[in-house]
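In what follows, a single structure is set out as C-alpha cells and then discussed.
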Amino acid sequence: MTQAEKAPSSETKARTLAPDPPKKPVRRGPPEKPKTFLRRIFARWKWPRKLRVTREGRYFLLITVCVGFGAFNTGNNLLYLLFGMFLSLILVSGVMSELSLRHLTVVRRLPPRAQVGRAHLVEIEVYNHKQKVPSYAIEVEDLRAGQPADKRCFFLKISPRSAQVAAYRRTPARRGHDWHVGFRLATRFPFGLFEKSREVDCEGDLVIYPAVDRVVLPPDDAGDRMGGVVPLGRGTGDETAGVRMMRDGDDPRDIFWRKSAQSDQLVVRERVREVRREVTFVIDSRFRGQKPPEDFTARFERRIREVASRSVAHLKRGDSVVVRTTASERTATVPARGADPLLRFLALLEATPLEEPTAEKPENTRRKGGHAA
C-alpha cells in the first residue's frame, strides 16, 4: 500500500472533524394552532399588562367625569380640587398595583398522578423578589390549554424576599394529557377600582388516568379462559409443600433441621412454585372514516373504563394483566410493578382510523397490461 493510499483524503477529514448537526429540540406541550397574519401582528404588539374596570370603578369614573364637567362649566375652585383628588386616586391606584405585580415568581407543583372523577390538589407558590415592597391582594389563576380557567388562589400579602403557598382542588372530567400553559396574576390593590393583570408562561403536564370502578371478581372468573394459568408444582416459592430426604444437588439452605435431628439423614423442604394467572383484554381502537362517530367514541371510553377497573381488580388478586388493541398496541404488568404503567397506557390511548386498501384504477391496469403485451 502506498503512502497516498494510507493518508486520508481531505473530504474524509472534513467529514470526520465536522460536528454533528444540532438536533431539533422536541417540543413538549399542547399542539399549536396555525397563526394567521393578524394574530402574528398582534402577538408582536402584545401589551405586558391588562387593565379591567370593576363595577365600583365604573361608578367612580362616572362621578369623576361629572365633577370635571361641573368644574369646567362653573369654574368653582372646590370642584377643581375635588376633580384633581379623583385623578390623583386613579394615578396612585395604577402605581401601587404595578408595584404589587412586579418581581413575582410563580411555581406549580402537580401531583404524581390524577384520576377521572377523583379530586386532587395542585400547589401554587408565589415568591416576592422585591427588597422592601410587599405585594398585596394577588390572585393567581392557573391557565390550561383548551379549557376555561376556573381555578384561582388568593394571596392577601406576600412579604419582601419571602414566599406564600396555596392550593386548589380540581376534579378532572376526562382522561389524557392535562396541559398547563401558564398563570395569570391579577390584583385590585389598593382601592378595588381597577383590576390589573399580567400573564406568566409556565408549562406543565399531568396525565389523567381513567376512572376505576370497584369490581368484585368471582372465584372462578372468565379470566382463566382469556389467559393462561401456570399449574401448581415444585419450585422456589415461599410456602412449603412437603419434606423429603436430601439428595445430591439440593440447596443446603432448604434443610429442615428439626426433622433432620429426629432421623439419621438430612431432611429438606420442598417449596411451592409461584402461581401466576395471566389475563388478556382486547380494546377495539380502529374506526372507519376520517373522524370517529359519536357512538364509537362512547363505546371506546366505556371499554377503557371497564378494562381499567377489571385490570386493577385482577392485579389486586395477584394476576398479571395484558392489554392489547386492534392497532397492534400492547402493554403488560404484574402485581409487583403495580397498575401505574397500565393506567398510563390507557390514559394516553387514542383511536386510530382504519386504513382501507385502495382498489387499483382500471387505467393503470390497462397501461400495465399494454406494457406487458
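Just so it is clear, the model here is predicted, and its values are computed rather than measured.
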Under the side-chain hydrogen bond (donor to acceptor under 3.5 Å, both in side chains) test, which residues partner E123, sequence neighbours left out?
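Once residues adjacent in sequence are excluded, E123 has no partner under the side-chain hydrogen bond (donor to acceptor under 3.5 Å, both in side chains) criterion.
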Holding to salt bridge (Lys or Arg N to Asp or Glu O under 4.0 Å), I want the full list of residues that pass it with [X], two or more places apart in sequence or in another chain.
| X | answer |
| --- | --- |
| R184 | E141, E195 |
| D201 | none |
| E139 | none |
| D284 | none |

With S311, which of V322, D319, T333, V321 fulfils side-chain contact (heavy atoms from CB on, under 4.5 Å)?
V321
If you link I, L, V, M, F, W and Y whenever their side-chain heavy atoms are under 4.5 Å apart, who else ends up in the same group as L62?
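None; L62 is a cluster of one.
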Taking ILVMFWY side chains as joined if any heavy atoms are under 4.5 angstrom apart, and letting links pass through other members, which residues group with L81?
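The other cluster members (ILVMFWY side chains, heavy atoms under 4.5 Å, direct or chained): none.
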Check whether any side-chain heavy atom of [X] sits under 4.5 Å from a side-chain heavy atom of [Y], and report yes or no.
| X | Y | value |
| --- | --- | --- |
| F194 | L61 | yes |
| P210 | R305 | no |
| L206 | R108 | no |
| K130 | S135 | yes |
| V323 | R330 | no |
| S320 | E278 | yes |
| F60 | I90 | yes |

Any chance you could measure [X], atom [atom1], to [Y], atom [atom2], to the nearest 0.5 Å?
| X | Y | atom1 | atom2 | value |
| --- | --- | --- | --- | --- |
| R288 | Q290 | CZ | CD | 14.5 Å |
| T326 | I283 | OG1 | CD1 | 9.0 Å |
| L217 | R310 | CG | CZ | 6.0 Å |
| F287 | L354 | CZ | CG | 9.0 Å |
| E199 | L143 | CD | CG | 5.5 Å |
| I138 | T187 | CD1 | OG1 | 4.5 Å |

Does atom OH of Y59 have more than 12 heavy-atom neighbours, drawn from other residues, nucleotides or ligands, at distances under 6.0 Å?
no
Expected output: side-chain [X] to main-chain [Y] donor-acceptor under 3.5 Å:
| X | Y | result |
| --- | --- | --- |
| T54 | L193 | yes |
| N128 | V133 | yes |
| R109 | L121 | no |

Show your working on side-chain contact (heavy atoms from CB on, under 4.5 Å) between K151 and I124 and close with a plain yes or no.
CA-CA 11 Å; K151 300 300 180 181; I124 304 295; over 6 Å; no
Between side-chain atoms of residues 339-349 and protein atoms elsewhere (two or more places apart, or another chain), which donor-acceptor pairs fall under 3.5 Å?
| unit_1 | atom_1 | unit_2 | atom_2 | d |
| --- | --- | --- | --- | --- |
| D340 | OD1 | R113 | NE | 3.4 |
| D340 | OD2 | R113 | NE | 3.4 |
| D340 | OD2 | R113 | NH2 | 2.8 |

Residue pair [X] / [Y]: nearest heavy atoms and the distance that separates them:
| X | Y | result |
| --- | --- | --- |
| T280 | R324 | CG2-NE, 4.0 Å |
| T297 | P292 | OG1-CB, 3.9 Å |
| A327 | R286 | CB-CD, 3.6 Å |
| E350 | S285 | O-CB, 4.4 Å |
| L110 | H180 | CD2-NE2, 3.8 Å |
| C202 | F183 | CB-CE1, 3.6 Å |

Who pairs with A336 by side chain to side chain contact (heavy atoms under 4.5 Å, CB included), at least two apart in sequence or on another chain?
V334
Same hydrophobic cluster for [X] and [Y], using side-chain heavy-atom links shorter than 4.5 Å among ILVMFWY?
| X | Y | value |
| --- | --- | --- |
| V122 | F154 | no |
| F155 | V107 | no |
| V207 | V116 | no |

Applied to residues 110-153, the ring pair (Phe, Tyr, Trp, His ring centres under 6.0 Å) test, sequence neighbours excluded, yields Y127-H129, Y136-F189
Counting only pairs under 3.5 Å, give me each side-chain donor-acceptor contact of residues 163-174, with atom names and distances, residues two or more places apart or in other chains.
| unit_1 | atom_1 | unit_2 | atom_2 | d |
| --- | --- | --- | --- | --- |
| Y168 | OH | D142 | OD2 | 2.6 |
| R170 | NH1 | D178 | OD2 | 2.7 |
| R170 | NH2 | Q147 | OE1 | 3.0 |

What donor-acceptor contacts under 3.5 angstrom involve side-chain atoms of residues 96-103, with partners at least two apart or in another chain?
| unit_1 | atom_1 | unit_2 | atom_2 | d |
| --- | --- | --- | --- | --- |
| S97 | OG | S93 | O | 2.9 |
| S97 | OG | G94 | O | 3.0 |
| S97 | OG | K196 | NZ | 3.4 |
| E98 | OE1 | R49 | NE | 3.1 |
| E98 | OE2 | R49 | NE | 3.4 |
| E98 | OE2 | R49 | NH2 | 2.9 |
| E98 | OE2 | R102 | NE | 3.0 |
| S100 | OG | M96 | O | 3.2 |

